[in-house]
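Ligands are counted one by one from 1 in listed order, and the atoms in each one are counted from 1 as well.
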Amino acid sequence: MSLLTIKGLTAAYGEAKVLFDIDMSVAAGQIVSCVGRNGAGKTTLLKNIAGFLTPTSGSVVADGRSLLGMMPYDIAKFGIKYIPQDKKVFQDLTVRENLELGSYATKDYDWEQTLSYFPKLKVLMERKAGYLSGGERQMLMIGRAILGSPKLLLIDEPTEGLAPGIVTQLREVFKELSRKTALVIVEQNLPLVCAISDKVYAIRDGRIVAELVDAISVDMCEGYL
Ligand SMILES: Nc1ncnc2c1ncn2[C@@H]1O[C@H](COP(=O)(O)OP(=O)(O)OP(=O)(O)O)[C@@H](O)[C@H]1O
Ligand SMILES: [Mg+2]
């Protein structure tokens, strides 16, 4: 059964149209990746799903409910957590405080699960987030999103600028997470995309130009960028 279904989504910034007639579906437990060049519209797509932008037309339905018109915090409360590309954390708050903020409204923290994925966060718990390295900050961002056991995670370029070791670790975490949570990942790292994805959407100039499901390879993806 489809967890997220997008039909005919069109989006714009003012007069500038950015996304055209996007159809997408994500089933429970799937990892779905979106690939495309800089400026293709990947971030815009995630923001439209997460409620930070409102589509000009089309529908976005998750778990039987239309997300159109819902506020971002209500979408988050509904179990759809968005991890933005900019990796912004609250610098002056501790790692623990940053983590708790993600599910403040519902307080359904699953510390055990979160720390089993990212044991390093245990050691960093009382540190100010402003001191974290890029990799640690990404662990914090993902940790914050999964602390409340979401049904769907939307992650924008999680491995951008990270060292290979951390990328490998994230790959395992995503695989493990997908047993409970569906993931939509925007990612430029094609070997990673191919290793974890059940489905890949290639986006070019705001349109889906390919939907790959079987034997997804780097060559196939590259051909559509
Ligand atoms: N706030 C904004 N106002 C106007 N135009 C915007 C805004 N944000 C993005 N755009 C434009 O929308 C288009 C898609 O941008 P978007 O950020 O979604 O691309 P992207 O695929 O995420 O790119 P990248 O890989 O560089 O992150 C681009 O042409 C961009 O210039
Ligand atoms: Mg982007």
Looking at the Mg ion (ligand 2), is one of the N, O or S atoms of T44 less than 2.8 Å from it? no
(message) Between D86 and K88, does any side-chain N to carboxylate O distance fall below 4.0 Å?
(response) yes
Exercise for the section: State plainly whether the residues D92 and K128 are in salt-bridge range, i.e. N to O under 4.0 Å. Expected result: no
of all protein heavy atoms, closest to atom 11 (C) of ligand 1 is Y13 CE1, 4.0 Å
Ligand 1 atoms nearer than 4.0 angstrom to some heavy atom of Q85 are 27 (O)
So the atoms of ligand 1 within less than 4.0 Å of a heavy atom of Q188 turn out to be 25 (O)
| query | Taking atom types as modelled and ignoring hydrogens, do the side chains of T43 and Q85 form a donor-acceptor contact shorter than 3.5 angstrom? | reply | yes
Heavy-atom proximity to atom 17 (O) of ligand 1, picking from L53, T43, D205, points to T43
Ranking T44, D156, V35 by closest non-hydrogen atom to atom 18 (O) of ligand 1, top hit is T44
task: Would you check the N or O atoms of G41, main chain and side chain alike, for any that come under 3.5 Å of an N or O of ligand 1?
output: yes
Exceeds 12 heavy-atom contacts within 6.0 angstrom, atom CD of E112: no
Only residue of K122, R127, E126 satisfying side chain to side chain contact (heavy atoms under 4.5 Å, CB included) with L124 is R127
So do M24 and L45 actually touch side chain to side chain, heavy atoms under 4.5 Å? yes
